[in-house]
Amino acid sequence: MFRFIHSSDLHLGKRFGGFTGDLPGRLREARHGVLGRLAVHAREQEASAVMLAGDTFDTETPASDVRRQALTEMGQHPSIRWVLLPGNHDSLQAAELWSRMAAEAPPNVTLAQQAQPLELAPDVFVLPAPCTTRRPGRDTTEWMDAAPTPTGVLRIGLAHGAIQTFTEEGSGEDVIAPDRARRSGLDYLALGDWHGAMQIDDRTFYSGTPEPDRFKHDRPGEALLVSLNGVQALPRITPLTTGAFQWRTLDLQVLSQDDPVEILRSLIPEPNQRRQTLARVLASGHCRLARHAALVAQAEDLSPDFAWFELDMDGLALEHDVDDLDDIERSGALRVAADSLLSDADDTSLSAAERAVAGAALARLYRHAQEKAS
């Protein structure tokens, strides 16, 4: 048996510029911490290698501390063989990066920079397909079909890119044949690029990122334990939890008679999980002004519990009658403001975002009036 961990898309050094405060730093540190968590899994599962299928770094010019600290962490686990493949974010076009890596890498780190068979262990060969540029524009795995290896050895493909028209950016320029494992006689094809774990066939898998970095996939961070019991035996795949943060998209669907606050409470994680959770709540449906205001107030109250909390109310339409506006003010400047905001919230000539802003402002005005009255 040969057992290894398949991972990819660590994107070490990612800046997370869309967030504020100390969260970007926490997210960057969590990505570095993945290396230690992968090593722990490898020891516990008796896996002799960790294969990183591209995009170990977020850019072709990672800061020197990001690069050096990553290599140092890998070197702290000398019993584990680390195999690093150039991906589209850290392609071979970054010649300085890979030359520095070659000079600094500890003995247990192998840089898979060439498309040629690499003996990983007795009777185990890795066939790497490094990205030569950010968008090679060709199937980098094609060479595997004729790659020579001794008879009776395990053949493991390692590649980074799209299957058919499947890519993070939606482009079909870089296409890996979906049946490459069959064509090349591979026992397993380890892929990177897609940030959610996905099975293509019995021998071909995307591992997904071990530490989520976006709401798109809505999956926990994980890596894959791959167990190969012999040449051409089907691999046994076991997901391993690796993520420190959870990125959750919560659909809050509201009908007129529903209490959106109660629905929100039923969706969010337990208090002890919130600090490590980035939550995006997508509200949709119809809601009376009083409940709309209560939902906004609840979201504001919950927000400090989370690493990040966002309430998107673009899809939540306001329902109202004259009593709702009378609760704000029957006349005067506040009533004029309320009428104007309500008009904007109902104006279909405005964008959904503009209507949502008007609705949120009206809800805040309603809350202000209620707090003042109490």
> Would L10 and T209 count as a side chain to side chain contact (heavy atoms under 4.5 Å, CB included) if you check the C-alpha gap in whole Å, the side-chain angles of each, and the deciding distance to 0.1 Å?
CA-CA 6 Å; L10 273 68; T209 178; over 6 Å; no

> Is there a side-chain contact between L225 and H41 (heavy atoms, below 4.5 Å)?
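They are not in side-chain contact.
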
> Is there a donor-acceptor contact under 3.5 Å linking the side chains of Q257 and R291?
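There is no such pair (donor and acceptor under 3.5 Å, judged by atom type) between the side chains of Q257 and R291.
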
> Find the distance between CG (L189) and CZ (R155) and round it off to the nearest 0.5 Å.
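Rounded to the nearest 0.5 Å, the CG-CZ separation comes to 11.5 Å.
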
> Considering only NZ, NE, NH1 and NH2 on the basic side and carboxylate oxygens on the acidic side, decide whether E262 and R265 come within less than 4.0 Å.
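So E262 pairs with R265 through a salt bridge.
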
> Salt bridge check, K14 against E211: does any charged N sit closer than 4.0 Å to a carboxylate O?
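Looking at E211 and K14, the cut-off is not met.
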
> Nearest 0.5 angstrom please: C131 SG to Q93 CD, how far?
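Output value for this atom pair is 11.0 Å.
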
> Looking at Y206 and G161, what are the two nearest heavy atoms and their distance?
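Distance-wise, the nearest heavy atoms are OH-O, 2.6 Å.
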
> If the plane angle is over 60° it's perpendicular, under 30° parallel, otherwise tilted; pick one for H195 and H11.
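H195 vs H11 ring planes: tilted.
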
> When rounded to the nearest 0.5 angstrom, what is the spacing between CG in L278 and CG in L23?
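Going from the CG atom of L278 to the CG atom of L23 covers 5.5 Å.
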
> Considering only NZ, NE, NH1 and NH2 on the basic side and carboxylate oxygens on the acidic side, decide whether D58 and R31 come within less than 4.0 Å.
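The answer is no: the pair does not qualify as a salt bridge.
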
> Look at the side-chain heavy atoms of Ile, Leu, Val, Met, Phe, Trp and Tyr, link any pair under 4.5 Å apart, and say whether I80 and V124 land in one connected group.
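Different clusters.
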
> Are L228 and L158 linked, directly or through other ILVMFWY residues, by side chains that come within less than 4.5 angstrom of each other?
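Yes; L158 is reachable from L228 via cluster members.
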
> List the atom of A299, the atom of F309, and the distance in Å for their closest heavy-atom pair.
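Of all heavy-atom pairs spanning A299 and F309, the closest is CB-CE2, 3.8 Å.
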
> Show your reasoning for whether side chain to side chain contact (heavy atoms under 4.5 Å, CB included) applies to S7 and L38.
CA-CA 9 Å; S7 188; L38 289 173; 4.2 Å; yes

> With a cut-off of 6.0 Å (strictly less than), are more than 12 heavy atoms of other residues, nucleotides or ligands near CZ of R275?
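Result for CZ/R275: open.
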
> Output the distance between atom CZ (F57) and atom CZ (R67), rounded to the nearest 0.5 Å.
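Answer for the CZ-CZ pair, F57 versus R67, is 7.5 Å.
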
> Under a plain distance cut-off of 3.5 Å, with no hydrogens placed, do T110 and R81 share a side-chain donor-acceptor pair?
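T110 and R81 do have a side-chain donor-acceptor pair below 3.5 Å.
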
> Check for me, please, whether V153 and F2 land in the same ILVMFWY cluster - side-chain distances under 4.5 Å, paths through other members count.
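No.
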
> Treating Ile, Leu, Val, Met, Phe, Trp and Tyr as nodes and any side-chain heavy-atom pair under 4.5 angstrom as an edge, say whether L92 and L191 lie in one connected cluster.
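Different hydrophobic clusters.
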
> Check whether more than 12 heavy atoms from other residues, nucleotides or ligands sit under 6.0 Å from atom CZ of R248, and answer yes or no.
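No, because the 6.0 Å sphere around CZ of R248 holds 12 heavy atoms or fewer from other groups.
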
> Could you check whether any side-chain heavy atom of D145 comes within less than 4.5 Å of a side-chain heavy atom of S184, counting everything from C-beta outward?
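A side-chain contact under 4.5 Å exists here.
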
> Parallel, tilted or perpendicular: which fits the ring planes of W194 and H217, with parallel below 30° and perpendicular above 60°?
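It falls in the perpendicular class, over 60°.
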
> Taking side chain as C-beta onward, heavy atoms only, is R236 less than 4.5 Å from M1?
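Yes, close enough: below the 4.5 Å cut-off.
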
> List the residues meeting salt bridge (charged side-chain N to carboxylate O under 4.0 Å, His left out) with R182, not counting sequence neighbours, and say none if there are none.
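Counting only residues at least two positions away or on another chain, R182 forms a salt bridge (charged side-chain N to carboxylate O under 4.0 Å, His left out) with D179.
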
> Testing L252, V281, L295, L282 for side chain to side chain contact (heavy atoms under 4.5 Å, CB included) with M313, which one passes?
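Result for side chain to side chain contact (heavy atoms under 4.5 Å, CB included) with M313: L295.
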
> Closest approach of W98 and L85, non-hydrogen atoms and distance?
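Heavy atoms of W98 and L85 come nearest at CH2-C, 4.2 Å.
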
> Taking the side chain as everything from C-beta on, heavy atoms only, tell me whether E354 gets closer than 4.5 Å to D344.
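A side-chain contact is absent here, since even the closest heavy-atom pair is not under 4.5 Å.
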
> Please name the pair of heavy atoms, one in D187 and one in R203, separated by the smallest distance, quoted to 0.1 Å.
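Nearest heavy atoms, D187 then R203: O-NH1, 3.2 Å.
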
> Flag the pair H6 / Y188 as yes when their ring centroid distance falls below 6.0 Å, and as no otherwise.
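Ring-ring flag for H6/Y188: true, centres closer than 6.0 Å.
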
> Look up atom CG in L240 and atom CG in L224, then write down how far apart they are to the nearest 0.5 Å.
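CG of L224 is found 7.5 Å from CG of L240.
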
> Please evaluate residues D139 and V175 with respect to the criterion side chain to side chain contact (heavy atoms under 4.5 Å, CB included), reporting the C-alpha separation (whole Å), side-chain torsions for both, the decisive distance (0.1 Å), and the verdict.
CA-CA 5 Å; D139 184 350; V175 178; 5.8 Å; no

> Just wondering, are more than 12 heavy atoms of other shown residues or ligands nearer than 6.0 Å to NE2 in H32?
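It does: H32 NE2 has more than 12 such atoms within range.
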
> Any heavy-atom pair between the side chains of S256 and H286 that's under 4.5 Å?
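Yes, side chains in contact.
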
> Considering non-hydrogen atoms only, spot the tightest contact between E60 and D90 and give its length.
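Heavy atoms only, the tightest pair is CG-CA, 4.1 Å.
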
> Counting neighbours of CZ on R26 that are heavy atoms of other residues, nucleotides or ligands and sit closer than 6.0 Å, is the number greater than 12?
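Counting other residues, nucleotides and ligands, CZ of R26 exceeds 12 neighbours.
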
> Looking at D314 and R355, does any basic side-chain N land under 4.0 Å from a carboxylate oxygen?
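The answer is no: the pair does not qualify as a salt bridge.
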
> Are I237 and F4 linked, directly or through other ILVMFWY residues, by side chains that come within less than 4.5 angstrom of each other?
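I237 clusters together with F4.
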
> Just by distance, no angles: are the side chains of H77 and N108 close enough, under 3.5 Å, to form a donor-acceptor pair?
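On atom types as modelled, these side chains do not qualify, holding no pair under 3.5 Å.
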
> State, to 0.1 Å, how close T141 and R180 come at their nearest heavy-atom pair, and which atoms those are.
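Looks like OG1-NE, 2.8 Å.
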
> As a quick check of understanding, evaluate side chain to side chain contact (heavy atoms under 4.5 Å, CB included) for N88 and R135, giving each step before the final call.
CA-CA 7 Å; N88 61 340; R135 286 287 174 259; 3.0 Å; yes

> Considering only heavy atoms from C-beta outward, does the side chain of L97 approach that of P62 to under 4.5 Å?
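Result yes, sub-4.5 Å side-chain heavy-atom pair found.
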
> Quick one: CD on E142 to CZ on R183, what's the gap to the nearest 0.5 Å?
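One finds 8.0 Å between CD of E142 and CZ of R183.
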
> Quick one, Q246 and P220 - any side-chain contact, counting heavy atoms below 4.5 Å?
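Touching, per the 4.5 Å side-chain cut-off.
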
